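Within every chain, numbering begins at 1; the chains are lettered A, B, ... in the order of the sequence lines, protein sequences first and strands thereafter. Because the structure is predicted, anything quoted here is derived from the model rather than measured.
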There are 4 protein chains.
Amino acid sequence: MNGSKVTSTIKDEQLIERRRNQMIKGAVTLFKEKGFHRTTTREIAKASGFSIGTLYEYIRTKEDVLFLVCDSIYEKVKARMEAAFSNENASLDHLVQAVRAYYLLMDEMQDEVVIMYQEMKSLSKEAQEYVMQKEKAMVTMLEQLLEDSIPHRLKQRDISLIANNIFIQGQMWGFRRWMLQKEFTIASYTERQVAFLLAGLGLGDGLRAAGC
Amino acid sequence: MNGSKVTSTIKDEQLIERRRNQMIKGAVTLFKEKGFHRTTTREIAKASGFSIGTLYEYIRTKEDVLFLVCDSIYEKVKARMEAAFSNENASLDHLVQAVRAYYLLMDEMQDEVVIMYQEMKSLSKEAQEYVMQKEKAMVTMLEQLLEDSIPHRLKQRDISLIANNIFIQGQMWGFRRWMLQKEFTIASYTERQVAFLLAGLGLGDGLRAAGC
Amino acid sequence: MNGSKVTSTIKDEQLIERRRNQMIKGAVTLFKEKGFHRTTTREIAKASGFSIGTLYEYIRTKEDVLFLVCDSIYEKVKARMEAAFSNENASLDHLVQAVRAYYLLMDEMQDEVVIMYQEMKSLSKEAQEYVMQKEKAMVTMLEQLLEDSIPHRLKQRDISLIANNIFIQGQMWGFRRWMLQKEFTIASYTERQVAFLLAGLGLGDGLRAAGC
Amino acid sequence: MNGSKVTSTIKDEQLIERRRNQMIKGAVTLFKEKGFHRTTTREIAKASGFSIGTLYEYIRTKEDVLFLVCDSIYEKVKARMEAAFSNENASLDHLVQAVRAYYLLMDEMQDEVVIMYQEMKSLSKEAQEYVMQKEKAMVTMLEQLLEDSIPHRLKQRDISLIANNIFIQGQMWGFRRWMLQKEFTIASYTERQVAFLLAGLGLGDGLRAAGC
DNA sequence: CATGAATGAGCCTTCATTCAT
DNA sequence: GATGAATGAAGGCTCATTCAT
């Protein structure tokens with residue numbers, strides 16, 4: 001149901017899907033490079049492989065492109081998280097595996113995350129709301145994961161806080177790459193964050209012993 | 001030394017200082033509201049209390065305004081952090097006080113933080129570099145604080161990681177307010193983050209006991 | 001002979017006739033509402049009940065639609081006037097009846113008249129000429145009517161003038177409805193115009209006596 | 001108070017006045033030639049003698065230009081009518097003189113009248129209302145003239161009707177020039193209309209005697 | 001015959017920047 | 001030093017028209 005909120009003059013639904021994927025792909029590249037505002041609709045059309053007229057058959061506004069991009073990013077992240085979090089056997093080990101998978105995913109999607117952070121405010125209030133819901137849903141997934149995997153009980157608020165921390169620490173790996181990626185690889189970053197998380201939960205061996 | 005990298009046609013240095021402060025104040029309000037790109041130079045001039053012609057006597061480019069704004073934000077944050085971190089008597093308690101002060105500061109400067117996150121990429125590569133240096137310096141202050149205040153030794157990397165975590169958790173309080181500020185007040189957010197930090201360092205009472 | 005000057009790729013003459021009638025009907029509605037320039041070809045196609053591709057099988061240019069519309073309006077008005085003016089027994093009474101019928105017709109075709117007044121200039125010079133001929137023919141019909149029905153002789157010029165006056169007074173009923181239709185009904189408007197006409201011709205009872 | 005409803009970024013009121021007059025002059029020429037819709041803002045700017053940027057300092061919308069044009073036409077016509085109708089000594093003779101002056105005026109302003117007839121519908125509902133008020137005021141002036149100048153009493157409705165007739169007969173001289181101006185000069189047109197008017201009022205010598 | 005996706009010229013409008021006063 | 005009118009490049013978007021299916 002990708003981008004079902006964006007109207008199109010085209011009738012063929014499959015074509016819409018295909019063209020919009022072209023569009024998103026082209027736009028992501030451009031947004032990464034120059035940001036939403038510095039990218040022109042003509043550039044988007046060109047990068048998507050069609051004319052400006054055709055572009056506007058599939059969207060109504062330049063902002064629609066941004067929405068489509070954001071939506072597709074979330075959709076992708078969500079799908080991957082769901083796959084990684086499927087908790088047949090909820091255990092501490094599963095928690096660690098899932099968090100690792102999440103950090104790995106954030107490593108893969110660095111550019112997309114940067115786009116989200118910088119351009120979301122260019123969406124309409126309504127679209128922002130929509131996108132925030134999706135982000136909220138992802139944090140909730142992390143909360144669920146924690147709840148299911150930790151032996152002792154935590155206050156809801158603490159679960160919520162920790163889920164948030166994990167979530168943004170993952171995003172920051174990409175957003176603050178200029179700082180973090182000088183000192184860490186994604187592997188070592190993941191490793192230490194997990195160790196610190198477990199320590200915080202009173203479950204790990206503590207930071208001192210956790211030799212890298 | 002506010003914005004010494006930005007050229008002006010005016011000779012009187014004090015006047016420059018005064019005018020630029022007007023400018024920054026006006027611009028921050030506008031950037032908060034509509035972002036850098038959607039704000040026009042005319043609006044900035046008006047909000048600053050002088051004409052568009054005068055505006056351009058004190059800057060060379062619209063981007064200069066953004067730089068001035070970013071620079072002033074960092075200057076302000078840095079000054080406040082320095083005041084709060086002054087470590088005559090480094091102790092665990094001092095660490096806790098300092099971190100609390102930092103979170104409080106981030107609460108005060110929410111809007112400014114949001115501007116930084118969203119508009120930094122609109123600066124020139126050079127200006128971005130400059131601003132990143134300042135951010136790096138702040139993280140370093142946190143690292144120093146940790147190093148000085150924690151009884152046992154931590155690996156440099158872990159210090160760096162934890163400093164980063166604290167730093168961004170503070171920024172996220174403002175940036176993700178739509179999510180966090182529904183569940184927490186700045187007091188409770190600070191409280192739990194500190195508790196979790198200490199637990200992670202193997203120093204607190206753990207999360208279970210730390211009743212809110 | 002509807003629109004015989006407009007080319008079509010279709011062979012079947014009857015189909016052309018049918019499709020064009022659909023087109024005219026749809027277009028008139030739209031032109032009334034938003035004028036020729038603000039109406040798109042897509043809208044015309046939709047209102048006509050077929051696709052944009054099909055539309056262009058029956059016309060060559062958007063302007064063709066306007067021409068078809070104008071032509072059909074004149075055809076219709078002309079037919080109705082001919083019916084009303086058929087002068088087996090030319091008499092003053094017949095004149096009055098015919099003029100009344102004309103005003104009634106103009107009342108019915110208000111919207112169409114407005115379209116003619118406002119959009120005719122969007123036709124090509126050539127098409128304008130064609131349409132003006134038709135309008136001229138109608139005025140001539142009125143002239144003939146006057147000539148046949150008035151007992152005494154009038155100078156040709158006066159006949160021409162009076163025919164013109166009647167003609168435009170009819171059109172104005174629709175075109176200036178916002179003014180006239182606040183004060184008059186079509187019945188009272190007709191009534192007074194006829195009285196005034198007869199008075200001008202030295203045939204009526206004068207305006208004073210002609211109680212409404 | 002010309003065009004006081006149209007906003008401008010320029011502060012100097014006199015400059016606004018001057019520039020707008022340039023604009024109106026340029027626009028009238030273009031609208032005459034190609035109509036409002038087929039005229040581009042760039043053409044208007046060029047014909048006005050300034051750049052497109054400057055044009056938009058004095059208006060907000062292309063439609064504003066049309067409004068300014070319409071308003072100025074009415075203003076001009078109104079002023080001239082007021083001058084011609086000043087009724088120190090209301091008499092039949094004065095009526096005839098005034099009507100003659102009106103027809104002469106309409107002859108002078110043919111192109112402007114055509115513009116009004118064809119483009120008024122392109123104005124916003126609000127602006128149309130405004131412009132219609134002005135037109136109504138002019139008809140009222142004619143009514144007043146009739147009332148003051150005719151010896152015997154006429155019903156209000158008849159006055160209104162006759163005023164309207166005179167008004168549109170004047171406008172039609174320009175709008176239907178392709179027809180009328182083949183048979184008449186403005187002098188002869190005026191002559192016969194006046195004769196017919198007087199006859200209708202039961203005041204002239206009738207049409208038969210009124211040799212041309 | 002009918003359809004509708006594709007095209008791109010062209011339009012209106014904005015806004016950073018300059019410079020004469 | 002301050003002002004604000006002038007500039008024009010550039011951007012978002014529309015829509016008449018075509019043509020392969």
Any luck finding a side-chain donor-acceptor pair between A:Gln22 and A:Ser48 under 3.5 Å?
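On atom types as modelled, these side chains do not qualify, holding no pair under 3.5 Å.
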Find which nucleotide of DNA chain F each of A:His37 and C:Thr61 is nearest to by heavy atoms, and output the residue with the more 5' nucleotide.
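Comparing both residues, the 5'-ward one is A:His37.
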How many whole angstroms separate atom [atom1] of [X] from atom [atom2] of [N]?
| X | N | atom1 | atom2 | value |
| --- | --- | --- | --- | --- |
| C:Ile44 | F:dT17 | CD1 | P | 10 Å |
| D:Leu66 | E:dC12 | CG | P | 13 Å |
| C:Lys34 | F:dT14 | NZ | C1' | 12 Å |
| D:Arg38 | E:dG10 | CZ | P | 14 Å |
| B:Lys62 | F:dA10 | NZ | P | 16 Å |
| B:Arg60 | E:dT17 | CZ | C1' | 12 Å |
| B:Ile59 | E:dC15 | CD1 | P | 16 Å |
| A:Leu55 | F:dC15 | CG | P | 16 Å |

Is the distance from OP1 or OP2 of F:dT14 to the nearest side-chain N or O of A:Tyr56 less than 4.0 Å?
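A:Tyr56 to F:dT14 OP1/OP2: no side-chain N or O under 4.0 Å.
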Ion pair [X]/[Y], N-O distance below 4.0 Å:
| X | Y | answer |
| --- | --- | --- |
| C:Arg38 | C:Glu43 | no |
| A:Lys32 | A:Glu119 | no |
| D:Glu57 | D:Arg20 | no |

Identified stems (criterion: three or more consecutive Watson-Crick or G-U pairs, under 3.5 Å), DNA chain E
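Detected stem regions: E:2-21 with F:2-21.
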Base, sugar-phosphate, or nothing: which does C:Thr41 touch, judged by heavy atoms less than 4.0 Å apart?
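Contact class for C:Thr41: base.
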What contact category does D:Ser8 fall into here, base, sugar-phosphate, or nothing, at under 4.0 angstrom with non-hydrogen atoms?
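Since no nucleic acid heavy atom lies under 4.0 Å of D:Ser8, the category is nothing.
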When you look at [atom1] of [X], are more than 12 heavy atoms from neighbouring residues, nucleotides or ligands closer to it than 6.0 Å?
| X | atom1 | answer |
| --- | --- | --- |
| A:Lys121 | NZ | yes |
| D:Lys76 | NZ | no |
| A:Lys134 | NZ | yes |

For a 4.5 angstrom cut-off between non-hydrogen side-chain atoms, does D:Val131 reach D:Asp71?
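Not in contact.
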Would B:Lys62 count as a cation-pi partner of B:Phe36, with NZ or CZ less than 6.0 Å from the six-membered ring centre and within 45° of the ring normal?
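Verdict for B:Phe36: a cation-pi partner in B:Lys62.
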Give every pair of a protein N or O atom and an N or O atom of nucleotides 4-6 of chain E that lie under 3.5 Å apart, one pair per line with the distance.
{"residue": "E:dG4", "atom": "N7", "partner": "C:Gly53", "partner atom": "N", "Å": "3.1"}
{"residue": "E:dA5", "atom": "OP2", "partner": "A:Lys11", "partner atom": "N", "Å": "3.0"}
{"residue": "E:dA6", "atom": "OP1", "partner": "A:Arg19", "partner atom": "NE", "Å": "2.9"}
{"residue": "E:dA6", "atom": "OP1", "partner": "A:Arg19", "partner atom": "NH2", "Å": "2.4"}
{"residue": "E:dA6", "atom": "OP2", "partner": "A:Tyr58", "partner atom": "OH", "Å": "2.4"}

Using the closest heavy atom to pick a nucleotide of DNA chain E for each, name whichever of B:Glu63 or D:Glu63 lands nearer the 5' end.
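The 5'-side residue here is D:Glu63.
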